[in-house]
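Encoded as structure tokens, the structure appears first; notes follow it.
To find a chain, count down the sequence lines: A is the first, B the second, and so on, and within it residues start at 1. Bear in mind the structure is a predicted one, so any value in this text is a computation, not a measurement.
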Number of protein chains: 2
Amino acid sequence: MIELSKAEFAVMEALWQGYPAKASDIVQRLSDDTQWHEKTIKTLVSRLVKKQAVSFEKDGREYIYTPTIGREAYTLKESQNFIARLFRGRVAPLVSGFAKTQQLSQQDIDELKQIIEQWEQKQGK
Amino acid sequence: MIELSKAEFAVMEALWQGYPAKASDIVQRLSDDTQWHEKTIKTLVSRLVKKQAVSFEKDGREYIYTPTIGREAYTLKESQNFIARLFRGRVAPLVSGFAKTQQLSQQDIDELKQIIEQWEQKQGK
DNA sequence: CGTTTTTGATTACAGATGTAATCTTAATTT
DNA sequence: AAATTAAGATTACATCTGTAATCAAAAACG
């Protein structure tokens, strides 16, 4: 699997916001959230290309970048790894921790209920 | 917050299994799961001491190690950071991903239900 | 008591990461 | 056309991480 560092992930987020995109677009978007120097961002983009998380097409002197992996797929994989490492693959203990420390909102609860409902429907029960 | 690398976390797991513990105990426990050289594990323990995730008492020439942070507290913090970074702080999208990809077991569902129930009880509703 | 073993301390070293600066070359400006 | 700017490529460099090896000192062994 493609592994992304935190900074690289942040750049991916900017790209996922809309693509294909020029480097200058990515820099632009990131300037809202970070203080990163343009050079820093370009370096990160290069590393992403090297890791094949991002591909590009040339447009004259500029490159037009596109993510090769979707946000959903990537975050799912990451979540699986994380949950496997910290909670032996089971998601409930994580949610439980959130519950115990008052970090669940009504919205969270509603969504969880819906997830459960759909799950049970699919189980044909 | 104390930040642990993956290898460091694995060592903490071994220590959380039972403490206070001697280095040799930790090495012993880890030998079940990993191929790490004893020297490697000692290095990791040193780094944990330096990071103050672990304290020690001298017992003659040996050290007796104790975690300074609890597993629960640590994994909760890590989870919060993770969820904040990937899902803007909301836990439901993660669970949703697991659901969509058939990674929820009946047991997970049961536990989630219970979490919800307790949450609603506490809300006095 | 001298030798070997064992413990923690110190040192090693490559690859990943954060964070740019410099270089090359082509485009734009004056 | 000469000078400046801007894009990506290359280089930089400290810190973190994984993975030990070596060192110093004390303990155990013979």
Side-chain angles (χ1 to χ4, degrees), chain A residues 1-15 19-67 74 78 81-82 85-86, chain B residues 1-15 19-67 74 78 81-82 85-86:
Chain A
M1 193 193 43
I2 294 174
E3 303 264 354
L4 305 180
S5 76
K6 289 175 189 180
E8 286 163 356
F9 178 75
V11 172
M12 289 302 291
E13 289 276 43
L15 185 52
Y19 51 85
K22 294 181 293 180
S24 58
D25 296 328
I26 298 175
V27 169
Q28 188 59 57
R29 292 170 193 170
L30 281 169
S31 75
D32 295 342
D33 316 293
T34 77
Q35 306 301 114
W36 293 344
H37 195 286
E38 167 232 351
K39 299 296 188 186
T40 299
I41 297 171
K42 299 271 186 96
T43 297
L44 291 169
V45 171
S46 296
R47 289 181 186 170
L48 287 169
V49 169
K50 192 174 190 184
K51 289 187 177 185
Q52 306 193 62
V54 166
S55 66
F56 64 89
E57 293 255 320
K58 291 194 188 190
D59 173 22
R61 179 162 71 127
E62 284 186 305
Y63 291 2
I64 310 292
Y65 300 95
T66 306
Y74 176 77
E78 273 299 294
N81 287 335
F82 182 82
R85 205 164 58 81
L86 272 72
Chain B
M1 191 196 46
I2 293 175
E3 304 264 354
L4 305 180
S5 76
K6 290 176 189 181
E8 287 164 355
F9 178 74
V11 172
M12 289 302 290
E13 289 275 45
L15 185 52
Y19 52 84
K22 295 180 291 181
S24 58
D25 296 328
I26 299 175
V27 169
Q28 187 59 57
R29 291 169 194 170
L30 281 169
S31 74
D32 295 343
D33 315 294
T34 77
Q35 306 303 113
W36 292 343
H37 194 287
E38 166 233 350
K39 299 296 188 186
T40 299
I41 297 171
K42 299 271 185 98
T43 298
L44 291 168
V45 171
S46 296
R47 287 182 186 170
L48 288 168
V49 168
K50 191 173 191 184
K51 288 188 179 185
Q52 304 193 60
V54 165
S55 66
F56 65 88
E57 293 257 318
K58 292 195 188 187
D59 173 21
R61 182 162 70 126
E62 284 188 305
Y63 291 2
I64 311 291
Y65 299 95
T66 307
Y74 176 76
E78 274 299 295
N81 286 336
F82 182 83
R85 204 163 60 80
L86 271 73

Test for a donor-acceptor pair under 3.5 Å between the base of dT24(C) and the side chain of Arg61(A), counting only N and O atoms.
-> no
Want to settle it: does Tyr65(A) or Leu44(B) sit nearer the 5' end of DNA chain D, counting the closest nucleotide to each?
-> Tyr65(A)
Do Asn81(A) and Glu78(A) have side-chain heavy atoms sitting under 4.5 Å apart?
-> yes
Length of the CD-C1' vector between Gln35(B) and dG18(D), whole Å = 15 Å
Could you tell me whether Lys50(A) contacts a base, only the sugar-phosphate backbone, or nothing, with contacts defined as non-hydrogen atoms closer than 4.0 Å?
-> nothing
Closest nucleotide among dG8(D), dT17(C), dT19(C) to the Trp36(A) side chain = dT19(C)
No-H, no-angle donor-acceptor pair, Thr43(A) side chain to dA20(C) base, under 3.5 Å = yes
Interatomic distance where OH belongs to Tyr63(A) and C1' belongs to dA26(C) [whole Å] | 12 Å
Atom pair distance, as rounded to whole Å: CD in Glu38(A) and P in dA9(D) = 13 Å
Nucleotide dG18(C), atom C1' - distance to CG of Leu30(A) in whole Å | 14 Å
So do the side chains of Asp25(B) and Tyr65(B) get within less than 4.5 Å of each other, counting heavy atoms only?
-> no
Can you tell me how far P of dA16(C) sits from CG of Leu48(A), to the nearest Å?
-> 14 Å
Residue Thr40(A), side-chain atoms from C-beta onward, closest of dG8(D), dA21(D), dA20(C) = dA20(C)
Taking dT7(C), dA21(C), dG18(C) as options, the one with an atom nearest any side-chain atom of Lys42(B) is dT7(C)
Have a look at Ser5(B) and say if it touches a base, only the backbone sugar-phosphate, or nothing, with a 4.0 Å heavy-atom cut-off.
-> sugar-phosphate
Could one point to a donor on the side chain of Lys39(A) or the base of dT22(C) with an acceptor on the other under 3.5 Å away?
-> yes
Would you indicate what Lys51(B) reaches in the nucleic acid, counting non-hydrogen atoms under 4.0 angstrom: base, sugar-phosphate, or nothing?
-> sugar-phosphate
